[in-house]
Amino acid sequence: PLVFKKGEVVFEDVHFHYEARKETLRDINFSVPGGSTIALVGETGSGKSTILKLLDRFYDVTDGSIKIDGQDIRDVTVRSLRDKIGVVPQDPDLFNESILNNIRYARLGSSIEDVHKACKAAAIHDKILSFPDGYQSVVGSHGVRLSGGEKQRIAIARAILKRPEIIVLDEATSAVDSATEQLIQDAFRELCRGRTTFIVAHRLSTIMRADRILVIKDGEIIENGSHDEL
Ligand code: ATP
Ligand code: MG
């Protein structure tokens with residue numbers, strides 16, 4: 001299993017391709033000190049989400065290595081790795097199940113009160129209550145439909161409930177109103193405090209808060225520095 005210490009993450013000479021013909025990521029080298037926040041920015045299709053997907057071994061690197069506290073993530077169980085990482089994807093998948101179960105599975109055995117608290121912090125509680133069956137509403141083709149931004153807030157609620165050591169957020173591009181935005185940002189700041197955090201950032205406010213910024217272009221890092229340096 002993964003022995004978690006400080007949460008230092010190092011990408012070393014990472015290459016990755018989805019298909020044999022074309023390399024999606026080339027020569028990716030960077031390190032994130034434990035507890036700090038790194039923002040990934042770059043145009044659409046540059047490879048930002050792909051970098052995040054390598055971290056929890058949704059895909060494995062084609063070449064090179066990713067280490068957490070010195071351990072190659074291919075040398076630990078996927079289970080122990082994913083236990084430590086909370087992922088908020090760009091377009092989260094929800095199970096065809098109640099909203100309650102969709103959130104509670106992040107920490108089995110948590111109370112309904114804990115779920116409500118997480119949903120309030122993620123600014124999705126009121127929306128859920130507005131459905132006819134509230135938290136028992138089933139999501140999916142025969143149930144309630146949620147927008148991309150709403151699904152992402154459900155995923156944030158999951159992460160808040162899970163309280164993982166490492167946080168990965170693929171920030172939604174879809175606009176929410178500024179009051180909701182503020183609530184989410186506050187919840188997020190609280191969640192990320194003291195934890196190693198990866199954020200694909202679109203908003204300047206998110207970028208400003210990061211300790212380090214990686215600029216990705218066509219699968220390569222073209223800049224790596226603090227906000228002041230870049
Ligand atoms: P965006 O800002 O639009 O989210 P991104 O920087 O996150 O873009 P990625 O999703 O990492 O970009 O995609 C990088 C490249 O890999 C793109 O050319 C994309 O078409 C390709 N790609 C992404 N997912 C797959 C996949 N499952 N199979 C094949 N190619 C893929
Ligand atoms: Mg993406």
Side-chain angles (χ1 to χ4, degrees), residues 9-32 36-68 73-74 78 81-82 85-95 122 146-159 164 166-176 180-181 184-185 188 191-192 196-227 230:
V9 179
V10 178
F11 276 61
E12 228 171 72
D13 302 325
V14 168
H15 290 251
F16 177 77
H17 53 74
Y18 288 103
E19 293 146 59
R21 287 171 291 115
K22 185 176 166 277
E23 218 168 27
T24 303
L25 296 175
R26 265 184 315 280
D27 267 326
I28 302 293
N29 285 284
F30 66 94
S31 64
V32 190
S36 67
T37 295
I38 191 154
L40 280 63
V41 303
E43 51 199 48
T44 180
S46 56
K48 306 178 297 294
S49 298
T50 304
I51 291 177
L52 300 187
K53 285 174 189 165
L54 298 178
L55 193 61
D56 73 341
R57 295 193 58 196
F58 192 81
Y59 296 109
D60 272 323
V61 299
T62 310
D63 205 1
S65 68
I66 301 171
K67 289 180 182 154
I68 299 179
I73 60 172
R74 282 169 301 186
V78 171
L81 175 70
R82 292 187 184 162
I85 303 180
V87 183
V88 181
Q90 207 165 359
D91 191 10
D93 275 327
L94 300 182
F95 309 117
L146 297 163
S147 74
E150 287 161 358
K151 280 194 275 186
Q152 193 160 51
R153 268 136 64 204
I154 299 257
I156 292 173
R158 281 175 176 166
I166 296 174
I167 314 247
V168 173
L169 166 70
D170 210 334
E171 192 172 67
T173 35
S174 58
V176 293
T180 306
E181 168 71 27
I184 297 171
Q185 294 265 350
F188 228 83
L191 178 66
C192 301
T196 309
T197 304
F198 287 71
I199 304 186
V200 168
H202 299 288
R203 302 185 176 89
L204 189 62
S205 56
T206 312
I207 297 167
M208 301 277 284
R209 273 208 326 278
D211 300 301
R212 185 157 284 275
I213 300 157
L214 293 186
V215 184
I216 316 293
K217 187 167 196 265
D218 295 333
E220 289 182 84
I221 296 174
I222 55 165
E223 295 206 65
N224 176 354
S226 68
H227 183 260
L230 299 183

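Since the structure is predicted, the reported quantities are computational estimates derived from the model, not experimental observations. When a ligand or atom number is given, it counts from 1 through the structure's own listing order.
- Distance check: I73 CD1 to I85 CD1 gives 7.0 Å after rounding to the nearest 0.5 Å.
- Ranking protein heavy atoms by distance to atom 4 (O) of ligand 1, first place goes to Q90 NE2, 2.8 Å.
- From the protein, the heavy atom lying nearest to atom 3 (O) of ligand 1 is T44 OG1, 2.5 Å.
- The nearest protein atom to atom 18 (O) of ligand 1, hydrogens excluded, is given as G45 O, 3.8 Å; this is a heavy-atom distance.
- G42 does not count as a contact of ligand 1, since none of its heavy atoms falls under 4.0 Å from the ligand.
- Judged purely by distance below 3.5 Å, without hydrogens or angles, the side chains of R203 and Q185 never pair a donor atom with an acceptor atom.
- For atom 30 (N) of ligand 1, the candidate residues are F58, Y18, F16, Y59; the nearest heavy-atom contact is made by Y18.
- In this structure, atom 20 (O) of ligand 1 has its sub-4.0 angstrom surroundings free of protein heavy atoms.
- For ligand 1, the atoms lying closer than 4.0 Å to a non-hydrogen atom of S49 are 4 (O), 5 (P), 7 (O), 10 (O), 11 (O).
- The ligand atoms of ligand 1 that sit less than 4.0 angstrom from a heavy atom of T24 are 14 (C), 15 (C), 16 (O).
- Taking 2.8 Å as the criterion, Q90 counts as a coordinating residue of the Mg ion (ligand 2), since one of its N, O or S atoms falls below it.
- The distance from atom CG of N224 to atom CD1 of I216, rounded to the nearest 0.5 Å, is 8.5 Å.
- Within 6.0 Å of the OH atom in Y18, the count of heavy atoms belonging to other residues, nucleotides or ligands exceeds 12.
- With respect to F198, the side chain to side chain contact (heavy atoms under 4.5 Å, CB included) criterion is satisfied by exactly one of V87, L214, V32: V32.
- Listed by number with element, the atoms of ligand 1 under 4.0 Å from a non-hydrogen atom of S46 are 6 (O), 12 (O).
- Here the side chain of K48 pairs a donor or acceptor atom with the backbone of E43 at under 3.5 angstrom.
- Nearest heavy-atom pair across R57 and D60 is NE-OD1, 2.8 Å.
- Note: F11 CZ to L25 CG = 8.5 Å, rounded to the nearest 0.5 Å.
- The ligand atoms of ligand 1 that sit less than 4.0 angstrom from a heavy atom of E19 are 29 (C), 30 (N).
- Using a cut-off of 2.8 Å, one finds that S49 contributes an N/O/S atom close to the Mg ion (ligand 2).
- Of all protein heavy atoms, the one lying nearest to atom 13 (O) of ligand 1 is T50 OG1, 3.7 Å.
- The one candidate from V10, I38, V9 that meets the side chain to side chain contact (heavy atoms under 4.5 Å, CB included) condition with S31 is V10.
- With hydrogens left out, the protein atom closest to atom 2 (O) of ligand 1 is K48 NZ, 2.7 Å, a heavy atom.
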